[in-house]
Number of protein chains: 4
Amino acid sequence: MTDYPSITAQLDDPDAAREEGRRKMDWARQHMPILNALREDFEADQPFADQRIGMAMHVEAKTANLVELLADGGAEVAITGCNPLSTHDDVSAALDAHENITSYAKRGVDDDEYYAAIEAVIDIEPTITVDDGMDMVAAIHEDYPELIDSIIGGAEETTTGVHRLRAMDDDGALDYPVFAVNDTPMKRLFDNVHGTGESSLASIAMTTNLSWAGKNVVVAGYGDCGRGVAKKASGQNADVIVTEVEPRRALEAHMEGYDVMPMSEAAEIGDVFLTVTGNRDVVTAEHFEQMKDGVLLANAGHFDIEVDLDALSDMAVDQYEARDGVEAYEMDDGRRLNVLAEGRLVNLAAPIALGHPVEVMDQSFGIQAVCVRELVDNPDAYDAGVHDVPDDLDKEVAEIKLEAEGVDFDSLTDTQEEYMGSWQHGT
Amino acid sequence: MTDYPSITAQLDDPDAAREEGRRKMDWARQHMPILNALREDFEADQPFADQRIGMAMHVEAKTANLVELLADGGAEVAITGCNPLSTHDDVSAALDAHENITSYAKRGVDDDEYYAAIEAVIDIEPTITVDDGMDMVAAIHEDYPELIDSIIGGAEETTTGVHRLRAMDDDGALDYPVFAVNDTPMKRLFDNVHGTGESSLASIAMTTNLSWAGKNVVVAGYGDCGRGVAKKASGQNADVIVTEVEPRRALEAHMEGYDVMPMSEAAEIGDVFLTVTGNRDVVTAEHFEQMKDGVLLANAGHFDIEVDLDALSDMAVDQYEARDGVEAYEMDDGRRLNVLAEGRLVNLAAPIALGHPVEVMDQSFGIQAVCVRELVDNPDAYDAGVHDVPDDLDKEVAEIKLEAEGVDFDSLTDTQEEYMGSWQHGT
Amino acid sequence: MTDYPSITAQLDDPDAAREEGRRKMDWARQHMPILNALREDFEADQPFADQRIGMAMHVEAKTANLVELLADGGAEVAITGCNPLSTHDDVSAALDAHENITSYAKRGVDDDEYYAAIEAVIDIEPTITVDDGMDMVAAIHEDYPELIDSIIGGAEETTTGVHRLRAMDDDGALDYPVFAVNDTPMKRLFDNVHGTGESSLASIAMTTNLSWAGKNVVVAGYGDCGRGVAKKASGQNADVIVTEVEPRRALEAHMEGYDVMPMSEAAEIGDVFLTVTGNRDVVTAEHFEQMKDGVLLANAGHFDIEVDLDALSDMAVDQYEARDGVEAYEMDDGRRLNVLAEGRLVNLAAPIALGHPVEVMDQSFGIQAVCVRELVDNPDAYDAGVHDVPDDLDKEVAEIKLEAEGVDFDSLTDTQEEYMGSWQHGT
Amino acid sequence: MTDYPSITAQLDDPDAAREEGRRKMDWARQHMPILNALREDFEADQPFADQRIGMAMHVEAKTANLVELLADGGAEVAITGCNPLSTHDDVSAALDAHENITSYAKRGVDDDEYYAAIEAVIDIEPTITVDDGMDMVAAIHEDYPELIDSIIGGAEETTTGVHRLRAMDDDGALDYPVFAVNDTPMKRLFDNVHGTGESSLASIAMTTNLSWAGKNVVVAGYGDCGRGVAKKASGQNADVIVTEVEPRRALEAHMEGYDVMPMSEAAEIGDVFLTVTGNRDVVTAEHFEQMKDGVLLANAGHFDIEVDLDALSDMAVDQYEARDGVEAYEMDDGRRLNVLAEGRLVNLAAPIALGHPVEVMDQSFGIQAVCVRELVDNPDAYDAGVHDVPDDLDKEVAEIKLEAEGVDFDSLTDTQEEYMGSWQHGT
């Protein structure tokens, strides 16, 4: 039993924090119709009445609505942050004020405190875990294996977490079922395309006070995120250039009407470079040498290794903050290359950045919520290991969203069902 | 041994036909860079030197270039049509003039002749079959099972054919390997989106002399084809309405910015209705009742059952050809509903229609060609049954296309390869 | 008094022609809501009861609905073609069958017949003229000046006609008022952008069986028409390149996201070239030398002098019809440059071309009709000379169209009217 | 002679301010290629060597580059703010440090100080005035008419200023020539469409953390700004609804593919409302009553009177800051209507807003600069009164921009010039 204090005990003025945190949560809630619809059901049905849920997630306004939803559905919830810098203490305090929730998340904690908070969460002996980066799953497997027997299962939000879980699973080391929320169509098609695309562009525009119209925007990588960024930039009248390594994606981009070329050619044409490959060293020294004065370099891929900042720093004769969130690297010929948000995710790490739009997170968290419900409803249906989210759950969330937006759609008649089942009819 | 005559023997003026057929083939060839690039290799390598290829396909200019490519690669080819109405006799004659090709395809043959022609093709004892609708595979399995032992494999072009083959395969009744060319990303992402989209819209515009700008265009079905039709219609400044039965697709359409609603609501708003569901009875009597005067009804899905023409005919007080390719159904209240191309595929069946664009078929046929080459190169690699086209072949065709279009793209460095292989680095 | 026969007397089977002509007119009428709305009014009010209207226009289905509208409004109408090749005899016959209309238009007449037909029209001693190219105005001023006193005024449809009229006007040689229908916003913003754009692209697609996706489409000239062509090509996923001579238009195209470059650079990149400059020698020998094999050359500007066909013909070692409507010019290095529709307006002169969409002509002709009504309503309001269409008439047609399409819009409140009138309020 | 102190004397730490101001100016300069190109010329030619320029403008980084450009061109410049809240003291200090510039602009001055600063500027006895809102012109005409004789002329940046100047001119009260920079195509087509469109959308996104995809975005007014907002919103996959009072604009919007309807219908559908009419009372009590919970209300038109905030405030049972820059008005039925930036220009007045993008201001200020040069070059060419910017100057700026962006374009050959001059050739 740890005695790590909850956020309330750590703040000077928890009341004020709570109020501000609640205000932030309320704003998000106004635009989270999926969670709101589920809340109505969960409050009535109390599906999580006997559950204890341990969570490690970004504790900010959007996530907080998921946390509260689970608590409103009857669960006892303990939560901490999954990144010491992403916590909003006021939101954490607002959560902690909920009778079913204890929040240990605090911004800027050191390593010891970070892990102590995780332990504090585990202390409730969770029956379900919800992770953004699998910290909770990892800590339980490593340090509290005795809890595993009583755990029904878990859900994981991110690409990174899912990859690590699959690796564990491949090694036979994952001892309870975990849903890979990250991989569902409902997340992939919306979060990546619309969420990343819109928030990256808006963050760049508001960090730089620059315009997109007529700009040569080089999008490195034409996966779902790259597709979104290219589409949204084109929708702001940029002239999009795509770089890719997979020929079919390159061809798709070409057939969409974009210019496709290697980075070594794009480097001297581009005004803005946006990396979304998921790979490293996408923009490197040879490219920096060719770039025009005043270019912007931003990353919307997971890690800050897509632009080779070490090489850039080595090449620069001077380096200074040209503007909040913009580091200028001056070359010996006077050219200035401007790196946004230190090459980290520009929609998260820029000073004014807000992360994904609320609606997009509503969708992801809606899937989280129904996955947790599914674990409770069918506790024996899933073996230990990583599980794709069942298609029906994914569809259910789409249906909730459509209904909330007042969008009606068709359903198959019996004749049509039968026809699709035995499609040979038509031949 | 049949003595069914080749097309040359059936024509009054085969020389003139040949010349005209060759002119048509030449036009297509100018715009088939993939087949042209493969031709260079195949002429040099003669990969099909000992093969006999039996084909049943639409014999028109685009397909003819695939047929000739195989023959130029050393194969002995016999071909007939896969639909008595799609054959161009002049193209058939031009093929038949090739020393390695015998063409039995003739427009407007009756059922007996149709099957006699198939038998004539089989008479060459094919080692490979290439089908558009699996007529060749079916005939061999039913009537010439003794040939199967010497058959290396086959390739199938269409959705319909692939479905039927999978059904055979499920029943354990498919006795040699067949590649499902239809299902590759290289076909699906281009043929469906760009090919169907562009050719359907152009066919409708040129059949009706009407404009898209400001029109309410109802697209029924938001699969790959529906996506393409919606996108291209929107690109002509139509106001697109989507109907769907799958909630995630409905949501995708909604998030794209389209209006999504049930057909029962769309019916009274739409100016043009385009069905691309692959299902039956998508537009029915209840919808006809609500429609505005002068609407256009067209189908770009496989069969002519998406619009319920029987019901429409029953409801109409008058019915007449309002324009070539347009049948007007007049309701008792004076409204006229205009059906294009008899509800058949509007990009194929309208009087002026030309089918898919040349470039799109170049891509499909490029895959056909490398599939045939693969069967020859690795005759023992594939068991009897339906096979997905190996990813490497699909990529190869993309690479050939990009190179032919002068589009260069990047490749992974060793460091990047290694990083992707062990992506955990980044965590 | 001429005795030139009307079309009915010149046809072998006028009844059949009439029926077919009527069918064509009916199709168009279904999609001409503006003329239909005006028809209701005109039939009731008979505004043209004492007028004789002399017309020289393209006699085809769309124009025929304007002609008939004027006749249904009480006018006695005589009409002939304004181009010997654009007349549809069947439509001419259908018009001629109307009790108030005499049509002299016949396809393929020689020069003598052409002018005899104009004289026959003038023979009715028109009180109003309606022209497409000012043939009627010119003939009256040159040969029948005695009629001018009794002429209230005229209306002119085309750019060409309006330019010539303005030249006459500048010379003090235009002796009655003529409305420059061509120049109204209602024509310019729709006809040019949507009409030219859509019909040119559809004509090219259906003449060539080629696709737009991924193509480098060079649009020469970024006026209203060029803007339309670029926009619609981009909407089909082409990669648009614009050439211009006016820097602000060049900048507009650049800021729209298009590539802007001189034709000398575009020549070697383009897959399709579409000229819409209104100038001559836009694509010339130096450009032909750089072009890729298989390019398409098409014109959507007024005259067939934008592509220098003489030079191309001189450079070609061979020249042949590659396809209906496509002339291939083969260079000595084997490259083939394909000219569509002989370099004439591709949306009119291609074999399958249909001219502007029906809806666009409905808009132009609606303005024609209200202009004629205005002349009758206010016969003394306009001096001799070219007149812009009064803004109110232009707006009236927009309102009719919106109402016909079921599109409702706002109107200013009194407070708002007053505010706009004295906008200083806000400062 | 006033003794109002320059900004330097008013600051505690002018050195630090200067440095920060310079940093801001440098960032903008990096993206102002037009001013940079002019600077090269002006530094060499010193066109303003004997001029004294009095300015009243928003003193922030972008404008500062214009001010400095004029000073670098030899002018003695005195400047003050044109709005007490828009001044950046640090930028003001950086300007004041220039040997040819005195800056009196200070943020948050009271009325007395505001006018004292204007007088201080006038104290240099300007030969040229540059205004954003005509404060300088007004003060001189009212209080220092004796200076008018030595004034060559002026330039005015805004719509508001130009309207007021035209009113003065109509009254015969404007005693020297002033260029209406605001009205040039180079400003109107870029500033309004791209500048307003992009910056409004980015400001809204970053103020709310919301997404555009699938949203019903109601754009009130389809002038240049409305067109820009609609286009950019559509480019972010919003479903755009347009309201208009001018039928031709309504029709244009309809033909673009947008839904057009009265505000009374749009009110119950919209998720976001953006007013850009330039009129008052566009969204009023009757509309508030119909709106959905959670809607956003924002204004991108000149004044904060487009949304009737008084009525809204009266209707609300509660009103609170839901988020920085967002005021929530709660209705008695629980619905919350969220007003952004107090109904003021959302791209300027939102807490995080940055005004127009740098590149757009570069274009406006480029015209300012060449207008000032024109006054010096041709001091006797312009009578007292408001003057349109000569077309050649407007084109010159377009050319400078194109060259700076590396965009080359065509020029007319002699034959083409001649053809355009006597276009009748073609008939």
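We name chains A, B, ... by the order of the sequence lines, and we start the count at 1 in each one.
Considering only heavy atoms from C-beta on, D:F190 comes within 4.5 Å of C:L251 through its side chain.
Heavy-atom distances place no part of C:E359 under 4.5 Å from chain D, backbone and side chain included. Heavy atoms of D:Q416 lying under 4.5 Å from chain C belong to its backbone as well as its side chain.
Residues of residues 395-404 of chain C lying within less than 4.5 angstrom of chain D, judged on heavy atoms, are C:K395, C:A398, C:E399, C:K401, C:L402 in numerical order.
In D:D414, the CG atom is not crowded: 12 or fewer heavy atoms of neighbouring residues, nucleotides or ligands sit closer than 6.0 Å. More than 12 non-hydrogen atoms from other residues, nucleotides or ligands lie less than 6.0 angstrom from CZ of D:R227. At most 12 non-hydrogen atoms from other residues, nucleotides or ligands lie less than 6.0 angstrom from CZ of D:R344. Within a 6.0 Å sphere centred on CD of C:E246, other residues, nucleotides and ligands contribute more than 12 heavy atoms.
Remark: C:E286 engages C:S264, C:T284 in a side chain to side chain contact (heavy atoms under 4.5 Å, CB included) (not counting sequence neighbours). Every residue two or more places apart in sequence or in another chain that forms a side chain to side chain contact (heavy atoms under 4.5 Å, CB included) with D:T415 is listed here: C:R280, C:D281, D:T413. Take C:D408 and apply the side chain to side chain contact (heavy atoms under 4.5 Å, CB included) test, not counting sequence neighbours, and it matches D:P262, D:E265.
Heavy-atom pairs under 4.5 Å with chain D were tallied for C:K231, C:M186, C:E252; the largest tally goes to C:E252. Your options are D:T243, D:L412, D:V193, and the one with the most heavy-atom pairs under 4.5 Å with chain C is D:L412. When the candidates D:D304, D:D259, D:D394 are compared by the number of heavy-atom contacts under 4.5 Å with chain C, D:D394 comes out ahead.
A donor-acceptor pair is defined here as one N or O able to donate and one able to accept, closer than 3.5 Å; no such pair exists between the side chain of C:N279 and the backbone of D:Y419.
In plain terms, the two heavy atoms of C:M420 and D:T277 that are nearest each other are CE-O, 4.5 Å.
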